[in-house]
**Student:** 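Let me begin by handing over the structure; questions about it come next.
Worth knowing before you read on, the calculation uses all heavy atoms, side chains too, and leaves out hydrogens, waters and symmetry mates. Every number for a ligand or one of its atoms is a count from 1 in the order of the listing.
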Amino acid sequence: MKREKFGEVFKKGLLKESELIFKIIDPPPGAPPLYNIRCEFRNGKWQEPKISKSRHLHLRIEAGCLHYGHEWFEGLAAHATKDGRCLLFRPKENALRAESSSKIICMETVPSSLFQDCVCEAVRQNAAYVPRYGTGGRLYLRPFLIGTNPQLGLGESYEFAFVIFAYPVGNYYPTGLKPMKLYCSPAYDRVAERGTGKAKAGGNYVASYTPKKAAKNKNCGEFLYLDIAQRQYIIETGSSNFVALRADRYYITPDESAVLWSITNDSLAKIAEEIMGFKVQKRRLALSELKVKRGSQRFLETALCGTAARLTPVKAIVYENKFGRNRKEIPFPNVGESAGPWCQELYDHLVAIQHGDEEDRWGWTEEVKL
Ligand code: PLP
């Protein structure tokens, strides 16, 4: 892919960055295909990666991924810089988390070098689709691993397909940094305490459809899970970590066995600590702590975080009992119709680092040579 092709779909006006949200698109007429990278594990070995423009997989109907959910996925993004470079954000960490997911659910591990090489190739192949600097867009990459060999009974897969596809995206939530409400109740759990919560496995996500629907019915954007033993401690939502910012400048985020380790949360915590002077605590966070109404222990802002949305301020948590009654609302005073000042600052630093505008003091970005 030549350098001049970088962002060409947008330069030529075939797509508009302002119209991007977090959604699958088809290449418009006159645009190049969207390519994906595929690599198979067969006969005990990883095969050579292949570049494909087909958006279909040829699978045995008995493949383990289809029946037993033998699957994990990842999500990361590539960002255009002002001087025309393309930066991936913390791809090594995604490779490490993928390795850990494989171990947790007994799949072949994708070597970190293979993972990262395929990610870079996916960016190069889709360089025409990287949204231009300053538009708020980026190229989202979705690596995934599936068990492909036929099997009828529950058993470990021994053949796998590792695939990475890419899309230009805008904001995950159409409202962008606009705050949302969360719905919380003891009626649903996401994962078991000593279960697979630390893996980014598809099976963990299927459990979150019904609670998310329940949240929508209560006019809330997401469902906030509690620990399954006592139903007192915050876990996370179906697709993001939860962060709470206390008046005495504490950044507190739940550290439970069922929480997925978030690269965004880890990055925001570093920014909060080393740039904004917060103290960071990764620990159990009781829902009741968020109810404090005044003083230094009051939580002024809370937010969700993850690669797709980066940061979504939370203006209130709506809490009900397991029968969907006795509604109470916990508001956060510095979050209204727009983000509070701390969330805005965290977000601005993160975006600036990702796009190469602010010093990358922790070596998080990796340039993809186009
Ligand atoms: N928690 C869950 C359940 C997720 O699906 C995600 C998204 O990937 C996250 C947290 C955030 O992780 P990251 O910041 O690495 O995208």
Side-chain angles (χ1 to χ4, degrees), residues 22 69 71-79 88-101 104-105 115-116 119 138-145 164-167 169 171-173 182 184 188-193 195-212 215 221-228 234-244 251 253-272 280 282 285 302-312 314 343 346-347 349-351 353-354 362 364-366:
F22 197 82
E71 188 264 3
W72 57 246
F73 68 97
E74 274 298 323
L76 68 164
H79 311 78
L88 280 164
F89 189 66
R90 303 189 74 179
K92 285 194 195 80
E93 275 69 20
N94 288 94
L96 277 175
R97 189 170 62 187
E99 194 179 321
S100 147
S101 292
I104 293 170
I105 56 172
F115 183 101
Q116 292 183 71
V119 164
R138 56 221 164 110
L139 188 74
Y140 179 77
L141 298 135
R142 171 61 63 84
F144 65 93
L145 181 72
I164 304 184
F165 62 78
Y167 284 101
V169 296
N171 287 324
Y172 184 72
Y173 299 109
L182 302 182
C184 180
Y188 302 103
D189 299 318
R190 180 172 172 266
V191 287
E193 199 136 303
T196 56
K198 286 251 175 280
K200 204 165 157 57
N204 290 340
Y205 291 81
V206 74
S208 61
Y209 283 103
T210 302
K212 183 152 177 161
E222 288 286 348
F223 188 89
L224 182 66
Y225 295 91
L226 296 175
D227 74 288
I228 68 167
I234 293 172
I235 300 283
E236 59 175 338
T237 69
S239 56
S240 356
N241 275 187
F242 180 80
V243 170
Y251 177 114
T253 190
D255 184 21
E256 304 279 336
S257 64
V259 172
L260 185 78
W261 184 77
S262 155
I263 294 160
T264 314
N265 193 358
D266 189 72
S267 311
L268 293 170
K270 266 264 182 299
I271 292 169
V280 171
K282 295 180 183 170
L285 175 62
T302 63
L304 301 181
C305 66
T307 298
R310 286 191 182 114
L311 196 84
T312 305
V314 172
C343 278
L346 283 167
Y347 178 86
H349 283 299
L350 181 65
V351 174
I353 296 169
Q354 289 176 334
W362 302 287
W364 286 339
T365 55
E366 306 269 337

**Student:** Between Trp364 and Phe89, what is the ring plane arrangement, given parallel below 30°, perpendicular above 60°, and tilted in between?
**Tutor:** perpendicular
**Student:** Rounded to the nearest 0.5 Å, what separation is found between the CZ atom of Arg90 and the OG1 atom of Thr264?
**Tutor:** 9.0 Å
**Student:** Show the numbers, then the answer: is there a side-chain contact (heavy atoms from CB on, under 4.5 Å) between Trp362 and Ser267?
**Tutor:** CA-CA 9 Å; Trp362 302 287; Ser267 311; over 6 Å; no
**Student:** Quick one, Gln354 with Arg310, criterion side-chain hydrogen bond (donor to acceptor under 3.5 Å, both in side chains). Give me CA distance, side-chain angles, the key distance, then yes/no.
**Tutor:** CA-CA 11 Å; Gln354 289 176 334; Arg310 286 191 182 114; 2.7 Å; yes
**Student:** Atom CG in Asn241, atom CD1 in Ile234: separation rounded to 0.5 Å?
**Tutor:** 12.0 Å
**Student:** Exactly which residues line ligand 1, taking a heavy atom under 4.0 Å from it as the test?
**Tutor:** Arg97, Arg190, Lys200, Tyr205, Glu236, Gly238, Ser239, Ser240, Asn241, Leu260, Ser262, Ile263, Thr264, Cys305, Gly306, Thr307
**Student:** Among Phe22, Phe165, Tyr167, find the residue that satisfies the ring pair (Phe, Tyr, Trp, His ring centres under 6.0 Å) test when tested with Tyr140.
**Tutor:** Phe22
